[in-house]
Structure formats: structure tokens, C-alpha cells
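For this chain, numbers begin at 1 and follow the sequence in order. Keep in mind it's a predicted model, so treat the numbers as computed, not measured.
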Amino acid sequence: MRTVRRAGDGGLLVETAGLDDAHRLHRALRAAAFPGVTDIVPGERTVLLVAEPDVCDLDRLASRVAALEAGAAEAEDAPPVEIPVRYDGEDLGEVAELAGLSVREVVERHAAAEYSVAYLGFSPGFGYLTGLDAALRVPRRASPRTSVPTGSVAIAGSYTAVYPSPSPGGWRLLGRTDLTMWDVRRDPPSLLRPGLRVRFVPERSR
């Protein structure tokens with residue numbers, strides 16, 4: 001079931017049945033390239049369309065979006081982005097204890113999975129990655145850190161992510177990467193995009 005709601009003067013918020021539906025709709029909207037639509041932003045269960053109200057009839061656009069066939073789910077054609085990680089995070093031991101695993105097993109399980117970028121949010125370039133091993137699904141820290149360093153690889157709940165810039169955060173830190181996740185001089189600035197596949201590649205700690 002798909003619900004389309006107005007979002008301000010120039011937007012439509014489409015509510016979907018879940019993440020897979022949101023990804024399918026996102027791909028279908030990109031392919032449809034409706035005139036007047038300037039941006040399409042997928043979320044966990046929603047897709048936001050930003051349009052030029054002077055150019056686009058939002059009521060007509062809403063009808064077209066509601067009737068759009070989303071098609072079957074597809075993986076991104078691009079090969080997985082490989083993110084090198086030094087698994088030396090401050091919370092690695094605590095995660096192992098919570099999961100009932102050894103530190104080595106935590107690293108092996110985190111690096112063995114192939115992830116998919118569910119959506120971007122929180123801060124520019126911050127990708128919420130699905131596919132985390134169920135054994136590693138531990139809660140956030142009770143007390144968030146006031147500053148998490150750039151490149152920190154972390155987990156919380158069913159997601160894993162890389163902090164693209166210094167920011168407060170309550171996710172549990174497994175390691176760090178030197179790969180730049182967000183660069184305004186790059187086109188596009190974000191290394192990650194919804195639907196892209198990701199793998200973490202262990203590096204030796206320095």
C-alpha cells in the first residue's frame with residue numbers, strides 16, 4: 001500500500017510498506033524522470049520528492065506517483081564499495097561481551113557480510129547499512145559520545161555505518177577507516193548512495 005502526502009509547498013512524501021518497497025520506488029522514480037522533480041530522497045519507509053511548484057502540478061504528480069509501477073527489487077549494478085577497516089575500536093571488547101563472542105569472532109562476522117545502503121541521513125554522507133549479522137545487533141550506548149572521530153566504523157541495532165565527519169554519536173565503535181565518505185569537491189560528494197553494496201575489508205592495526 002502506498003500513501004502520497006503533501007510535504008510543504010514543493011514536496012511529496014510517499015509512504016511505502018518498507019525498505020525494499022522504498023528502494024524499488026526510488027529506482028522507478030529515477031527512471032520515470034517526471035518533469036519538475038528536482039530531487040528524490042529515499043528513507044527507510046518513505047521517499048521524498050522535491051519539485052518546483054511553479055513548474056510542476058503537485059496534485060497531478062501525486063496521482064502519477066501513486067499509479068507508478070515500482071517493479072521487482074534489484075541490486076545496484078555497481079560492484080561493492082570496499083571499505084578498509086582497522087578493527088581497533090573502543091567498544092570492540094564490549095560488543096564481544098554483549099554478543100557472547102570473542103573479539104576475533106566479532107571482527108570476522110562484521111567483515112564477512114555484504115551490506116546494502118538503506119538510506120542516507122543523520123549527517124551528510126552517513127549511510128545506514130543493512131545486512132549486519134544478527135549476533136552483532138547490540139543496542140546503542142547508554143551515554144552517547146560528544147564527538148565521534150571521522151571514519152569511525154560503528155554498529156547500533158540492525159545497522160552498521162561509517163561516520164563521515166566528527167559528530168556526537170551513541171553507536172558502538174568497532175574500528176576506523178581512512179576512506180573519505182563525504183567530499184564536497186567530489187561529484188557526487190557522498191561515496192555511498194541508497195542501494196549500493198558495501199563490504200568491509202580488515203586491515204592490520206597500526
Worksheet item: If you group Ile, Leu, Val, Met, Phe, Trp and Tyr by side-chain heavy-atom gaps below 4.5 Å, do Val50 and Val47 land in one group?
Response: no
Fill in: Between Tyr87 and Phe200, ring centroids under 6.0 Å
no
Fill in: side-chain contact (heavy atoms from CB on, under 4.5 Å), paired with Val95, selected from Val103, Leu174, Leu101
Leu174
Fill in: Separation of Leu120 CG from Leu196 CG (nearest 0.5 Å)
10.0 Å
Practice prompt. For residues 23-53, pull every pair meeting ring pair (Phe, Tyr, Trp, His ring centres under 6.0 Å), keeping only residues two or more places apart or in separate chains.
Written response: none
Worksheet item: Arg186 and Met181: which non-hydrogen atoms are nearest, and at how many Å?
Response: NH2-O, 3.1 Å
Worksheet item: Taking a hydrophobic cluster as the set of Ile, Leu, Val, Met, Phe, Trp and Tyr residues connected by side-chain heavy atoms closer than 4.5 Å, whether directly or through intermediates, do Ile40 and Leu61 fall within one such cluster?
Response: yes
Discussion item. Nearest 0.5 angstrom please: Glu105 CD to Asp133 CG, how far?
Written reply: 10.5 Å
Worksheet item: Could you give all pairs that pass the ring pair (Phe, Tyr, Trp, His ring centres under 6.0 Å) test and reach residues 44-65, with sequence neighbours left out?
Response: none
Fill in: Step-by-step side chain to side chain contact (heavy atoms under 4.5 Å, CB included) determination, Val117 to Arg193
CA-CA 6 Å; Val117 182; Arg193 64 178 181 271; over 6 Å; no
Worksheet item: Rounded to the nearest 0.5 Å, how far does CH2 of Trp171 lie from CZ of Arg141?
Response: 14.5 Å
Worksheet item: How close do Gly125 and Pro164 get, heavy atom to heavy atom, and via which atoms?
Response: C-CG, 3.8 Å
Worksheet item: Are the side chain of Arg199 and the backbone of Ala112 linked by a donor-acceptor contact shorter than 3.5 Å?
Response: yes
Fill in: Contact summary for Asp91 and Leu173, nearest pair of heavy atoms
OD2-N, 2.8 Å
Worksheet item: Passes side chain to side chain contact (heavy atoms under 4.5 Å, CB included), Leu92 versus Val107? Steps please.
Response: CA-CA 8 Å; Leu92 196 53; Val107 172; 4.2 Å; yes
Worksheet item: Which value, rounded to the nearest 0.5 Å, describes the distance between Tyr119 atom OH and Thr46 atom OG1?
Response: 9.0 Å
Worksheet item: Would you say Asp88 and Arg176 make side-chain contact, with heavy atoms under 4.5 Å?
Response: yes
Worksheet item: Is there a side-chain contact between Ser147 and Pro166, using heavy atoms and a 4.5 Å cut-off?
Response: yes
Discussion item. Hydrophobic clustering (ILVMFWY, side-chain heavy atoms < 4.5 Å, transitive) - are Leu98 and Val106 grouped together?
Written reply: yes
Fill in: ring pair (Phe, Tyr, Trp, His ring centres under 6.0 Å): pairs with one or both residues in residues 148-170, sequence neighbours excluded
Phe126-Tyr163, Tyr128-Tyr159
Worksheet item: Counting N and O atoms only, with roles assigned by atom type, does the side chain of Arg6 sit under 3.5 Å from a partner on the main chain of Ala62, one being a donor and the other an acceptor?
Response: no
Worksheet item: How far does OG1 of Thr177 sit from CZ of Arg86, to the nearest 0.5 angstrom?
Response: 7.0 Å
Item to complete: For Glu44, check salt bridge (Lys or Arg N to Asp or Glu O under 4.0 Å) against everything at least two apart and list the hits.
Response: none
Item to complete: Considering non-hydrogen atoms only, spot the tightest contact between Leu179 and Glu82 and give its length.
Response: CD2-O, 3.8 Å
Worksheet entry | Those residues that, when tested against Asp57, pass side-chain hydrogen bond (donor to acceptor under 3.5 Å, both in side chains) (two or more places apart) | none
Discussion item. I'd like to know if the side chain of Thr180 reaches the main chain of Trp182, judged simply by a donor and an acceptor atom lying under 3.5 Å from each other, with no hydrogens or angles considered.
Written reply: no
Fill in: Salt-bridge contact Arg104-Glu108 (side-chain N to carboxylate O under 4.0 Å)
yes
Discussion item. Tell me if a side-chain donor or acceptor on Arg27 pairs with a main-chain N or O of Gly195 at a distance below 3.5 Å.
Written reply: no
Worksheet entry | Heavy-atom closest contact (Gly131 atom, Ala113 atom, distance) | O-CB, 3.6 Å
Worksheet entry | For the student: nearest non-hydrogen atoms of Leu58 and Ala51, plus distance | CD2-CB, 4.0 Å
Worksheet item: Are Leu68 and Leu12 connected in a single hydrophobic cluster, I mean Ile/Leu/Val/Met/Phe/Trp/Tyr linked by side-chain heavy atoms less than 4.5 Å apart?
Response: yes
Fill in: Test side chain to side chain donor-acceptor pair (under 3.5 Å) applied to Thr160 and Arg137, Arg172, His110, the passing residue
His110
Worksheet entry | Sequence-distant partners of Glu97, salt bridge (Lys or Arg N to Asp or Glu O under 4.0 Å), two or more places apart | none
Fill in: Distance, nearest 0.5 Å, that separates OG1 of Thr3 from CZ of Arg45
12.5 Å
Item to complete: Kindly say whether Thr130 contributes a backbone atom to a donor-acceptor pair with the side chain of Ser116 at under 3.5 angstrom?
Response: no
